[in-house]
There are 2 protein chains.
Amino acid sequence: MRPAAEQAAQSLREEILSGVIASGARLGEAELASRLRVSRTPIREALTRLAAEGLVELQPNRGARVATWSTAELRDIFELRLRLEPYAVRLAVPRLGPEQLDELHELAESMLRTGRPGRRQDLTPIVEANRRFHGLFIEAAGTAPLAAALRGVTHAAVVHQNFHDYTPEALLRSLHHHVEMVAAARAGDGDWAEAIMRAHLYNARATMIGVPRS
Amino acid sequence: MRPAAEQAAQSLREEILSGVIASGARLGEAELASRLRVSRTPIREALTRLAAEGLVELQPNRGARVATWSTAELRDIFELRLRLEPYAVRLAVPRLGPEQLDELHELAESMLRTGRPGRRQDLTPIVEANRRFHGLFIEAAGTAPLAAALRGVTHAAVVHQNFHDYTPEALLRSLHHHVEMVAAARAGDGDWAEAIMRAHLYNARATMIGVPRS
DNA sequence: TTCCGCTCGATTGCATGCAATCCTTGTCAC
DNA sequence: GTGACAAGGATTGCATGCAATCGAGCGGAA
């Protein structure tokens with residue numbers, strides 16, 4: 001839809017999610033237009049789309065910035081994610097085909113290899129694989145409304161911090177959760193997969209914002 | 001944000017949700033522009049915003065239409081709503097102030113008065129009050145991500161059918177649920193409110209799409 | 001009669017011009 | 001020295017022009 005705008009939105013999304021454009025950075029229309037080789041019109045449309053996804057914030061007459069999230073907002077986001085993503089995994093498990101299971105297995109193993117202590121230099125491959133891993137489950141769940149609801153919410157976690165604040169132990173736990181989730185999926189055990197996803201999210205939340213004591 | 005575009009989006013939203021523009025109707029840019037007295041640019045922006053909310057569907061080079069939902073999609077939407085809206089109500093109950101409780105009470109009573117059998121001519125006031133009733137709870141829940149996730153999903157139910165397919169019994173049940181929800185909120189009993197909201201949604205789902213037998 | 005292809009009107013998509021708004025910075029008064 | 005204020009530059013918001021695409025309607029061939 002609206003090819004140039006869609007492509008611009010996709011480019012920006014990638015750059016934001018991969019950290020090329022920092023959180024909170026200003027997004028000037030003219031600069032983006034010249035950089036992406038289109039006019040300001042599709043840029044503006046891309047920005048409104050990304051704003052609707054929650055990836056950028058739009059202020060009237062003051063331009064767009066990459067979204068930022070307070071600790072309170074992150075807490076709300078995790079609360080929502082905890083309600084939706086384990087459910088999505090449970091729906092996904094019986095619908096996963098052999099090739100998807102293989103891809104999930106490969107992703108989990110590669111994250112584990114890359115994330116081993118001692119080689120902690122560049123985490124972007126893990127971030128990317130993790131995004132794909134979670135995205136595969138959400139996509140396989142097969143319900144568009146659920147996917148739409150999860151989109152904004154998973155973006156936040158990706159942008160906010162890309163595993164950089166994980167302690168080595170928390171990171172390892174997280175990577176082993178992926179492996180276990182693949183085992184559960186292979187076994188066709190939706191309850192197991194749902195449970196491990198829930199633990200996975202609690203682990204992530206604890207390392208990102210600590211344990212809410214409310 | 002982007003005043004003209006925002007205003008255009010709001011106008012269109014109202015017209016779609018109130019049924020002035022029918023589900024599936026075509027939304028030509030030129031026609032909307034002349035009708036709302038702005039140029040096509042803010043119209044286009046409003047359409048992309050509404051598309052992101054799920055209220056309209058955009059096809060490349062083929063314009064926009066008011067969204068429609070298949071039975072399967074409605075089923076998915078209710079599944080999601082069942083996971084989010086009872087939770088929202090539980091969050092909202094301890095945060096409701098006296099004036100909000102009064103407004104909820106007034107809304108519930110007015111719906112009950114209007115919906116009494118024998119005067120079933122025009123249901124739009126009920127639709128409007130119902131929208132406000134649910135919106136108040138969602139707003140009072142106080143978490144933006146949850147509100148955003150629920151927005152698209154509640155829109156669907158409003159647009160799809162505005163109580164017109166309710167049997168008299170189902171409609172009465174629904175209206176009494178509202179009254180009971182106010183009672184639960186007044187009592188400060190989040191569990192009660194959550195439970196009645198869940199029943200409320202099951203009742204709505206049954207009248208809209210029947211009971212899924214999967 | 002039916003199906004394929006073509007032309008033309010209508011509509012969308014993108015670029016650009018202009019007006020309005022905001023932010024910066026320099027100046028002046030206190 | 002500090003604050004308020006005003007002018008200028010820069011940026012966004014909206015309108016409009018033009019090219020590209022779509023689809024309806026017509027004509028011709030099998």
Side-chain angles (χ1 to χ4, degrees), chain A residues 1-16 20-68 144 148 152 155 159, chain B residues 1-16 20-68 144 148 152 155 159:
Chain A
M1 148 234 156
R2 283 136 196 225
E6 179 63 26
Q7 191 170 347
Q10 187 58 27
S11 299
L12 283 175
R13 209 183 335 238
E14 303 267 348
E15 291 184 344
I16 293 173
V20 173
I21 305 181
S23 184
R26 199 156 176 299
L27 298 169
E29 296 180 0
E31 181 222 343
L32 294 175
S34 74
R35 192 154 63 78
L36 299 180
R37 307 303 183 112
V38 291
S39 87
R40 285 175 46 216
T41 305
I43 293 291
R44 289 172 60 80
E45 177 166 339
L47 288 176
T48 67
R49 288 178 66 83
L50 295 178
E53 288 180 18
L55 261 185
V56 314
E57 286 163 357
L58 247 44
Q59 297 159 303
N61 288 316
R62 298 188 46 193
R65 316 186 78 87
V66 179
T68 60
H155 282 167
V159 173
Chain B
M1 147 232 160
R2 282 131 196 233
E6 180 62 27
Q7 191 171 347
Q10 187 57 27
S11 298
L12 282 175
R13 210 183 335 242
E14 304 267 349
E15 291 185 344
I16 294 172
V20 172
I21 305 181
S23 184
R26 200 159 175 300
L27 298 169
E29 296 180 2
E31 181 222 343
L32 294 175
S34 74
R35 192 154 63 78
L36 300 180
R37 308 300 183 112
V38 291
S39 87
R40 285 175 48 216
T41 304
I43 293 292
R44 287 172 62 79
E45 178 166 339
L47 288 176
T48 68
R49 288 177 65 83
L50 295 177
E53 289 180 18
L55 261 184
V56 314
E57 285 164 355
L58 247 43
Q59 298 157 303
N61 289 314
R62 298 188 46 194
R65 317 186 76 88
V66 179
T68 59
H155 282 167
V159 172

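As the structure is a prediction and not an experimental result, all values here were calculated from the model.
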Atom-pair distance ([atom1] on [X]; [atom2] on [N]), nearest Å:
{"X": "A:Gln7", "N": "C:dC14", "atom1": "CD", "atom2": "C1'", "result": "14 Å"}
{"X": "B:Arg44", "N": "D:dC14", "atom1": "CZ", "atom2": "C1'", "result": "13 Å"}
{"X": "B:Glu6", "N": "D:dT12", "atom1": "CD", "atom2": "C1'", "result": "16 Å"}
{"X": "A:Ile43", "N": "D:dT11", "atom1": "CD1", "atom2": "C1'", "result": "15 Å"}
{"X": "B:Gln59", "N": "D:dC22", "atom1": "CD", "atom2": "P", "result": "12 Å"}

Test of understanding: with side-chain contact (heavy atoms from CB on, under 4.5 Å), list the residues that count as partners of [X], not counting sequence neighbours.
{"X": "A:Ala52", "result": "B:Ala52"}
{"X": "B:Ser34", "result": "none"}
{"X": "B:Ala148", "result": "B:Arg151"}
{"X": "B:Ser11", "result": "B:Leu36"}

(message) Going by the rule side chain to side chain donor-acceptor pair (under 3.5 Å), which residues pair with A:Glu31 if we only count those two or more places apart in sequence or in a different chain?
(response)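 Side chain to side chain donor-acceptor pair (under 3.5 Å) check on A:Glu31 returns nothing, list empty.
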(request) With sequence neighbours excluded, tell me which residues meet side chain to side chain donor-acceptor pair (under 3.5 Å) with A:Gln7. (result)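 For A:Gln7 there are no side chain to side chain donor-acceptor pair (under 3.5 Å) partners, ignoring immediate neighbours.
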(message) Expected output is a numbered-order residue list: members of residues 26-38 of chain B with a heavy atom under 4.0 Å from any atom of DNA chain D. What is it?
(response)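 The answer is B:Val38.
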(message) Please tell me whether A:Glu6 and A:Gln10 have a donor and an acceptor in their side chains that are separated by less than 3.5 angstrom.
(response)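 Checked: A:Glu6/A:Gln10 side chains show no N/O donor-acceptor pair below 3.5 Å.
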(request) Could you list all the salt bridge (Lys or Arg N to Asp or Glu O under 4.0 Å) pairs where at least one residue sits in residues 53-66 of chain A, not counting sequence neighbours? (result)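 Passing the test, one end in residues 53-66 of chain A: A:Arg13-A:Glu53.
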(message) Strictly below 4.0 Å: does A:Arg2 bring a side-chain N or O up to OP1 or OP2 of C:dC14?
(response)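 So the side chain of A:Arg2 is outside the cut-off, no N or O lying under 4.0 Å from OP1 or OP2 of C:dC14.
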(message) Is A:Thr41 close enough to C:dC14 that one of its side-chain N or O atoms is under 4.0 Å from OP1 or OP2 there?
(response)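 Negative; the distance criterion is not met.
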(request) Treat primed atoms plus P, OP1 and OP2 as sugar-phosphate and everything else as base, then score nucleotides 18-23 of chain C 5' to 3': B for base contact with protein heavy atoms under 4.0 Å, S for sugar-phosphate contact only, - for none. (result) ---SSS
